[in-house]
Every structure is written in structure tokens, then in C-alpha cells.
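Just so it is clear, the structure is predicted and the values come from calculations on it, not from any experiment. Order of listing sets the numbers, starting from 1, for every ligand and every atom in it.
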Amino acid sequence: MSKTIPVKKNDFIDVVFEDLTHDGAGVAKVEGYPIFVQGGLPGEKAKIKVTKVNKGYGFGRLMEIHEKSTFRVECPADDAHKYGGCQLQHISYEGQLKYKENQVKQVLTRIGKLDDVVVHPILGMDNPWHYRNKAQVPVGEKDGKLIAGFFKPRSHEIVDTDESLLHLHEINEAIKAVKEIASELGIQPYNEEKHKGVLRHIMARYGKSTGELMVVIVTRVNEIPQQNKLVNEIVARLPKVKSIVHNINSKKTNVIMGDKTEVLWGSEVIYDNIGDIKFAISARSFYQVNPGQTKVLYDKALEYAELTGEESVIDAYCGIGTISLFLAQKAKKVFGVEIVPEAIEDAKRNAELNEISNAEFAVGEAEIVIPAWYKEGNSADVLVIDPPRKGCDEALLQTILDMKPKKVVYVSCNPATLARDLRILEDGGYKTVEVQPVDMFPQTTHCEAVAKIVLA
Ligand code: SAH
């Protein structure tokens, strides 16, 4: 027998928020029935309007706050920023840090069944705004005008935005300039519905320590109309530009970049430094977006690896070899694995650039390359894993359990999959010693954490 639902669509009700979800919505309960409301904060009393009623939970809209949380702050800018990823902009930075730290603790207990793990206080930023070194903005059309900005949540409607509070100023400038130039030259924006038009995305990436800017123009078609003029204007208006790249994505897809990339002007890569190491970064390679916090994160990973110079180390999901090269300075040998071929080319180039000769790299899926490598009789003392949000593939976790490295350092951008994978490692004989959350993405709900796991 199903319980009756205590609210109806369009009801106005007074609630008290008890919690925040992993995507930043306030949770209120009416006779045990949870209602999710964007903008509500724990402890706040408010009036909401019920907007959707499902069997086990509902959604509501925040109408009026009767009693505010001490963590509530005035939103520094208009609504558009919410769409640009600032889902937590209504929470003080102190409150955001607390929220993320709690989130890590909660999932470790709930999903990982790890009750006695030490979770250190989260490492945050001094100034949690204008930190992102990369943006990729969708281009579209509104009232006959070329626009670029952010998708509204759960929609394909683009909100035209010139200034993001998350991006470095150089990135905002670059996006705005390219948008204006494309508009002046009459380059047709992409129309997603009809799969027509030319310009799909503008991407910009900036090496904060070197002052080098890369602009990537993503188009549906092979030829960019007025290409020379476009390139000349970008060079003229953006003096920091070192690389202009064209990526062709002719498919009907949400994926931003296509398979074909050509350099239109300047270098194929830009450079950036993290600590003492210099990195070449090409258009399609993953590179951490928060330069200051990246150093904090990698230092922690290195600390947890506890290298003496004698170890052989695997860096799975190595990207352009960032963590690998950090580790190589303190290890005997590092073996990096990554799925994107361009990233591995960058990784090799980066090893050479820094005269690091004890790092090797292979292209492929970590869950295929590492088991095969192990079957050939190879092994490692320390494994570092830094997977995408979906976490590690089971085949890789199984290989870790078979190979039995003394230590695993898990760098995670998704606490839920971290907790799931830690449970598998624990069941296979490992012990999670400590977890350090690092705020790589202030104002957003995203949370990064590094875990130290040892053979029990
Ligand atoms: N450690 C790097 C990259 C982390 S991001 C850094 O800090 O810069 C995760 C990386 O995993 C991305 O470069 C992505 O291309 C890669 N990747 C995704 N799935 C993979 C898989 N199955 N096997 C190997 N690499 C993968």
C-alpha cells in the first residue's frame, strides 16, 4: 500500500529546510515527504510553491524566506551566473566549504560504509572568484543576433553572457572578443535544432603563470568563412594569444569537440607552470581549471604517495602527465596511462621539456592497459588514480586488488564514486587512512578530494 502524498502541485506551504542535496538544492520535509527547492538553505524557514509531485519526492520553488540562514549572502550578480555554474553563489564561502566537507563525510559513511576515516578540513581559496583558466561557451542566435554564454539548466536555451564570475578576466576578454569578431564578420551561429550554421563553441584557455592564451573555434563545417579576417582580428584584439586552433565537429551531439583539429595560427600548444614543472597543453587535452588549487591538490597527492625514490608508480588517467611528472621527481619510475592520444603526446613532450627521463606514457583505457601490463609480469609499488566523474572501472579496481601495490592515492572529482570505489578496495584488503577535500571549484557544487589508501 502506498502512502498518500501530503502535498499537491501548486500548493503554497511553509517549510523548514533541513539539508542540502549534492546539487545544492534545499531539502524540506512535509510529513517525511522530501521536497527539493533550489535556493533553500538548511535552517531557513520559507514559503514554497510545490511545482512537481513524484511518488517519493517533489520539487518546489522558493517564494519567500521568513528566517534566513547565517550562511546566506547577497548574490554578487544576476541570475545569469547561476547558469554559468555558480549554483552556490547564495552561500557564503565559509558555508560552501562546510557544505562540501560534509558532503564528503556523508558519502564516505553512506556509500562507502567508512565510519572511521579521517576527513581533514577542506582546503579552500583566499579569493574564490575569477579562478577558471578555461571556458567553452556554446554559440547560438537570438532575435537575429549571435549570442554566446551558458545553457539554462536542463534546457538548450543559451543565456548570452559576457562576464563570468568564475573565469579569469583574460578568459572573459577572449570569449567576448571572439564573439564580437564573429558577429561583425557575419559568421553564422550554429542552430542546434536544425543542425545548421557554422560556429558551435568558442573555447579559451589561459596559462596563468605564462600569460599565454589559446583560442579554439569549434565549427560544424570544414571551412570557416572569412577565416583569415577572423584570425587577424583575434591576433589584433587579443595580444596574449599564442595559439588559434580550429576544431571541426560536424556531428549532431552534445560533445563539444570533434575529431579533427588544425592549427590556424601560432603554436599547437600553450604553456603553463605548476610548481617547478612546465606543461605544454594542447586544445583537446584535459588540464585542471583552477591553477592555484591544482598545486595544493598535487602536493597532497605527492605527500600521500610517500615516495622515497625507490618506487615504481602508475599514474592512471594521467592526462598530459601533470601528476606523473610531479611524482617522477620523487620516484624511481612512473608509468602514465591516458585515453586521449593528444594528451599522451603532450605528456611525452612535457617529460622532455622538464628533462624528466624516468616517466613513460601509454595511450589507452586504464582498465585495459594496466591489467595487460600486469599480466606481462609488471607491477607497481604505488598507484595514483584520477578518474573522470564516473570513477574507476571495475576491471581496474580488480587489477589493483590482484597487483597489491602498497599504496593507492585516489584523486577524485566526485565523492560518490570515490566512496563506492573505496568500498571495493576495502573489501579487497585495503584500508582508507585519510581523505583531504580540496575546493577546486568555488561557487559550484563540485567537490574534489584526495584519499590515501594502504594495504591493510
Ligand atoms: N591526472 C590528470 C587528468 C585527470 S582528468 C590531471 O590532473 O590533469 C581524467 C583523465 O582521464 C582525462 O584526461 C581523461 O581523458 C582520462 N580518461 C577518461 N577515461 C579514461 C580511461 N578509461 N582510461 C584512461 N584515461 C581515461
Participant: In terms of side-chain geometry, is the basic nitrogen of K375 or D402 positioned less than 4.0 Å from the acidic oxygen of its partner?
Facilitator: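 No, this pair does not count.
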Participant: For Y131 and H167: C-alpha separation, side-chain torsions, deciding distance, then whether ring-ring contact (aromatic ring centres under 6.0 Å, His included) applies.
Facilitator: CA-CA 6 Å; Y131 59 85; H167 301 156; 8.9 Å; no
Participant: Taking side chain to side chain contact (heavy atoms under 4.5 Å, CB included) as the test, write out the residues that go with K278, two or more places apart.
Facilitator: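 K278 satisfies side chain to side chain contact (heavy atoms under 4.5 Å, CB included) with Y271, N273, L353, N354 once adjacent residues are dropped.
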Participant: Less than 4.0 angstrom from a charged side-chain N to a carboxylate O is my criterion; do K348 and E352 meet it?
Facilitator: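 No, this pair does not count.
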Participant: Ignoring hydrogens, what is the shortest heavy-atom contact between V435 and P437? Give both atom names and the distance.
Facilitator: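 So the minimum-distance heavy-atom pair works out to O-CD, 3.6 Å.
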Participant: With a 4.0 Å cut-off on N to O distance, would you call E360 and K333 a salt bridge?
Facilitator: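 Yes.
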Participant: At less than 3.5 Å, what protein N or O atoms come close to the N or O atoms of ligand 1? Include the distances to 0.1 Å.
Facilitator:
unit_1	atom_1	unit_2	atom_2	d
ligand 1	1 (N)	Y317	O	3.1
ligand 1	1 (N)	D386	OD2	2.8
ligand 1	7 (O)	Q288	NE2	3.2
ligand 1	7 (O)	Y298	OH	2.6
ligand 1	7 (O)	D386	OD2	3.1
ligand 1	8 (O)	Y298	OH	3.1
ligand 1	8 (O)	T322	OG1	2.9
ligand 1	13 (O)	E338	OE1	2.7
ligand 1	13 (O)	E338	OE2	3.3
ligand 1	15 (O)	E338	OE2	2.7
ligand 1	22 (N)	E367	OE1	3.1
ligand 1	22 (N)	E367	OE2	3.4
ligand 1	23 (N)	A366	N	2.8
ligand 1	25 (N)	I339	N	3.3

